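Data block below; observations after.
Residue numbers begin at 1 in each chain, while the letters A, B, ... track the order of the sequences. Treat the numbers as computed from the prediction; the structure is a model and nothing was measured.
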Amino acid sequence: MPCMGEKLGASVLKKLIPKNILKTKTHQLHDIQALTNSILNHIDSGHFKKAVSIVFSKPAPFPFPIYARLFQQCSSERAAIEARIVESHLVTFNPRPPVFLINRAIETYGKCGCLKDARGLFDDRRQRNGGTWNAMITAYSQNGDGENALLVFWEMHRSGVLANEITFASVLGSCAGVLDIYVSRQVHGLVVNYGFCFNAILASSLVDIYGKCWFMDDARRMFYEIRNPNAISWNVIVRRYLEVDNYEEAVVMFFKMVGTNVMPLTFTFSSALVACSNIPALKEGEQIHAVAVKVCFVKDKIVVNSLINMYAKCGDLVDARRLFDQPGSRDVITWTSIVSAYAACGRIREARKLFNDMPERGVISWNAMLVGYTRLFQWEEALDFIFWMHRETNDFDSFSLSLILNVCAGLSDILLGKQAHGFAYRHDLHSNTFVANAILDMYGKCGSLRSSRVWFSEMGHLRDRVSWNAFISSYARHGLSEKAIPLFGKMILETTGTELDFSTLLAACANIFALDEGKQTHAYMLRNGFNIDVVTRGALVDMYSKCRCLEYAIKVFEESSSSDLILWNSMVLGCAHNGKGGEVLGLFESMQEEGIKCDNVTFQGVLLACIGEGFVDLGKQYFDSMSKDFCIIPRLEHYECMIELYSRYGYMDELKDFVQNMPFHPTVPMLTRIFDACREYRHSELGEWAAQRLNEFKPLIPFQFEIFPDNHIDTL
DNA sequence: TTAGGGTTAG
């Protein structure tokens with residue numbers, strides 16, 4: 001029953017409004033209500049575009065929440081056309097739409113990548129509040145236009161509009177894109193002034209920015225200012241340490257994170273495992289594996305793939321294989337990881353068997369096999385593989401092409417090399433620095449100094465220190481050191497005097513044993529007050545050692561107390577090449593005492609020292625401890641050293657045992673060395689075996705195949 | 001109502 005008041009009100013209304021108008025209005029209201037319901041039903045049943053298609057069926061405004069809902073749908077579906085329809089309806093039937101809906105529209109356009117539409121709405125100054133500024137800054141920031149985001153932010157700041165935490169989140173995101181440290185520091189100052197520096201999101205963004213700018217001290221300081229770092233904060237610090245190549249610290253931070261009971265993200269696991277792979281740090285990798293088991297991440301494909309890689313790179317192929325063999329889904333990355341694991345450590349047959357079984361292959365899978373062949377100098381097999389690759393796929397990238405050029409260089413096949421050069425040219429890969437240097441190296445190793453010269457000149461701005469070294473080495477290889485000397489002048493002109501360039505120059509001197517020029521360079525640096533950093537010092541040690549001036553090399557080395565591995569390796573190899581085996585072993589001991597982690601180069605020096613000094617048993621001990629104690633997979637050169645060690649001192653039984661248990665077939669130089677040793681020490685059984693294997697090698701196949709069937713462009 | 005990090009293979 002309606003009450004008296006309602007009855008009275010209704011009768012007054014009836015008297016005031018003419019009967020027909022009231023009827024129309026009521027009708028319209030009913031219509032809009034029906035249409036609104038219909039729109040909402042369409043959205044709820046997943047037919048959002050159908051909902052938008054009927055908005056103009058009645059010439060009247062909707063309640064504001066309906067527009068908000070429609071914009072929200074447009075955002076999540078990235079539907080630009082629909083967004084324009086909704087905005088058009090909004091402004092047509094609402095002469096002054098509320099600011100919050102304008103902000104929604106700007107956000108929606110931002111999400112759809114329509115920055116011009118967003119800016120059009122933003123530029124109507126009559127309707128703006130703080131949210132409008134935020135929406136515009138976010139729109140630019142999310143579309144990778146950090147510069148404009150920052151410009152709008154400075155305009156906002158100048159206009160006296162107060163920023164909030166959301167504003168800074170977008171602004172800092174833009175700083176991370178622009179990577180301008182001066183601007184970033186100014187924004188950091190404002191975050192502090194506004195009192196937002198305890199906001200974990202903003203502080204994590206600052207950690208991210210400093211890390212991306214390689215200011216890790218600032219990043220670390222910022223990180224420790226976060227009261228309760230969350231999973232993203234930890235993820236940022238681990239990732240940033242990884243990307244500045246500070247792998248140890250990335251691993252340390254991962255374990256600190258685990259200690260605080262914050263659940264690591266998949267991203268964090270993969271970053272920490274990559275860091276372990278690069279050190280390499282097997283024990284820590286195993287501990288991360290244990291954490292992954294504990295928090296039930298071992299079913300995650302990315303974590304499993306990262307674990308396989310970690311085990312493989314740390315030399316634990318057994319565990320890598322165990323993970324690969326366990327039931328669960330494998331993808332192309334899982335397969336490529338295991339193929340690469342076998343190929344990289346010389347077990348090329350097993351790698352190939354797995355490769356043949358792959359359900360699908362990507363360019364990286366092909367490249368991984370090719371890396372295996374080239375590391376073992378199996379040029380013929382590599383070439384067959386390239387032919388097969390060419391038949392099966394068109395997917396070649398700059399990495400494949402660099403490897404193909406290495407194979408051409410290994411085979412000294414300039415015709416094939418020129419075809420590869422033509423292929424690079426046609427596919428616009430020749431301007432990639434790696435490819436360009438591989439082309440230069442190929443011409444040098446194939447003996448075409450003229451082509452080297454032309455290509456070196458064409459490389460122009462692409463030239464780097466690798467190019468200079470490759471170019472100058474090709475002169476040295478041709479016994480034309482004198483002709484290389486005038487190049488130094490040009491090189492100095494081109495690479496205007498930073499320490500890095502001096503190290504290039506010194507490396508070039510070392511390559512051609514130009515002691516005088518090396519000394520002059522050293523003197524020039526001292527006279528002109530150039531800082532001798534660790535890289536230059538390594539180059540000086542290397543140059544003096546190669547030029548048989550070990551006394552100077554030691555002096556330069558001893559002037560520094562650096563623990564840089566490359567510098568120590570330069571000294572180790574320098575002593576090894578100058579027949580100072582005792583000093584090498586002394587340096588190796590000092591490295592252990594000072595906690596400097598050895599790598600494969602150090603062990604090469606150590607094994608060379610054992611050869612020089614006749615320490616056969618000790619050499620074997622060092623060889624075994626490489627993988628056992630140092631997680632370093634022996635490379636071809638280490639196997640060569642062991643063969644030389646046994647051959648030179650007549651340890652024929654040990655030689656036989658060693659050679660027949662190698663994870664790959666011996667190369668021609670290895671077989672030749674074994675054969676010679678067998679003749680010298682009269683070991684007919686092994687000698688016959690070596691001779692038989694040598695006879696199996698056919699002479700190099702003369703050029704008869706067309707890898708790249710199109711006409712090649714001979715740019716030279 | 002609106003922010004941050006961004007994955008593994010050569």
Side-chain angles (χ1 to χ4, degrees), chain A residues 65 68-69 71-72 75 99-101 103-104 106-108 110-111 129-139 141-142 163-176 196 199-209 211-212 226 229-240 242-243 264-274 277 297 300-310 312-313 320 324 330-341 343-344 351 355 358 361-375 395 397-400 402-403 434:
Chain A
R69 181 82 198 274
F71 279 132
Q72 188 189 25
S75 283
V99 182
F100 91 91
L101 280 180
N103 298 351
R104 268 294 166 78
I106 294 175
E107 282 156 25
T108 307
K111 284 264 163 44
N129 63 13
T132 323
W133 289 92
N134 283 356
M136 197 61 235
I137 293 169
T138 308
S141 165
Q142 284 175 343
N164 64 12
E165 287 154 297
I166 293 158
T167 323
F168 279 112
S170 292
V171 171
L172 290 170
S174 303
C175 291
F196 294 152
N199 178 317
I201 293 178
L202 301 183
S204 304
S205 295
L206 282 162
V207 175
D208 187 47
I209 294 165
K212 281 181 176 157
I226 307 175
N230 58 27
I232 294 180
S233 324
W234 284 104
N235 186 54
V236 169
I237 192 81
V238 171
R239 186 79 200 171
R240 295 282 71 90
L242 174 72
E243 288 187 1
L265 304 168
T266 325
F267 307 104
T268 326
F269 271 110
S270 56
S271 297
L273 287 166
V274 170
S277 315
F297 266 45
D300 184 288
K301 207 182 276 179
I302 289 169
V303 173
V304 173
N305 290 347
S306 305
L307 281 166
I308 292 177
N309 277 303
M310 181 278 296
K313 297 233 172 79
F324 176 79
R330 297 167 179 165
D331 61 9
V332 66
I333 297 178
T334 326
W335 278 93
T336 308
S337 304
I338 200 73
V339 165
S340 158
F355 183 84
M358 281 181 83
R361 305 177 183 116
V363 64
I364 300 181
S365 333
W366 291 93
N367 292 348
M369 275 305 296
L370 215 42
V371 165
Y373 287 123
T374 50
R375 275 206 192 156
D395 207 3
D397 65 5
S398 55
F399 206 100
S400 331
S402 303
L403 288 163
F434 290 105

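What separates CG of D208(A) from P of dA3(B) is a distance of 17 Å, to the nearest Å. Atom-to-atom, CG of L273(A) to P of dA9(B) comes out at 10 Å; the value is rounded to the nearest Å. Protein atom CZ of F71(A) is 17 Å distant from nucleotide atom P of dT1(B), rounded to whole Å. Rounded to whole Å, atom C1' of dT7(B) lies 16 Å from atom CE of M310(A). Atoms CE (M136(A)) and P (dT2(B)) sit 19 Å apart, rounded to a whole Å. Counting to the nearest Å, the P atom of dG6(B) and the CD1 atom of I232(A) are 10 Å from each other. Between the CD1 atom of I201(A) and the P atom of dG6(B) there is a distance of 15 Å, rounded to whole Å. Here dG4(B) presents its P atom at 10 Å from CG of L172(A), a figure rounded to the nearest Å.
With distances taken from any side-chain atom of K313(A) to the nucleotides dA9(B), dG6(B), dT2(B), the minimum falls on dA9(B). Listed nucleotides: dA3(B), dT1(B), dA9(B). Nearest to the side chain of R104(A): dT1(B). Picking from dA9(B), dG6(B), dT8(B) the nucleotide with the shortest atom distance to the side chain of T336(A) gives dA9(B). With dA3(B), dG4(B), dT8(B) as the choices, the nucleotide that has an atom nearest any side-chain atom of R239(A) turns out to be dT8(B). Minimum atom distance to the side chain of E165(A) is reached by dA3(B), of the listed dA3(B), dA9(B), dG4(B). In this structure, of dA9(B), dT7(B), dT2(B), it is dT7(B) that holds the atom nearest to the side chain of F267(A).
Among the atoms of the strands shown, none is found under 4.0 Å from any heavy atom of A344(A). Contacts of T138(A) with the nucleic acid, taken as non-hydrogen atoms under 4.0 Å apart, involve only primed sugar atoms and P, OP1 or OP2. Counting any heavy atom pair closer than 4.0 Å across all strands shown, N235(A) reaches a base atom. At the heavy-atom level, N103(A) lies nowhere under 4.0 Å from the strands shown. In this structure, S306(A) reaches the sugar-phosphate backbone alone: every heavy-atom distance under 4.0 Å involves primed, P, OP1 or OP2 atoms, never a base. Contact annotation for N230(A): base contact, defined as any heavy-atom pair under 4.0 Å involving a base atom. Among the protein residues, N199(A) comes within range of the nucleic acid bases, having at least one heavy atom under 4.0 Å from a base atom. Note on S340(A): only backbone sugar-phosphate atoms sit closer than 4.0 angstrom, heavy atoms only; bases stay farther off.
Residues passing the side-chain hydrogen bond (donor to acceptor under 3.5 Å, both in side chains) test with N129(A) are N103(A), T132(A), sequence neighbours excluded. Partners of W366(A) under the ring-ring contact (aromatic ring centres under 6.0 Å, His included) rule, at least two apart in sequence or in another chain, are F355(A), F385(A), W388(A).
Side chain of R330(A) to main chain of F324(A): a donor-acceptor pair is present (N/O by atom type, distance under 3.5 Å, no hydrogens or angles). Side-chain atoms of T374(A) come within 3.5 Å of backbone atoms of L370(A) as a donor-acceptor pair (strictly under, hydrogens ignored).
Side-chain contact, S270(A) with S306(A): no donor N or O sits under 3.5 Å from an acceptor N or O. A donor-acceptor pair shorter than 3.5 Å cannot be found between the side chains of D208(A) and S205(A).
The side chain of R240(A) places no N or O atom within less than 4.0 Å of a non-bridging phosphate oxygen (OP1 or OP2) of dG4(B). Phosphate contact (OP1/OP2 of dG4(B), side-chain N/O of K212(A), threshold under 4.0 Å): absent.
A donor-acceptor contact under 3.5 Å is not formed by the side chain of S205(A) with the base of dG4(B).
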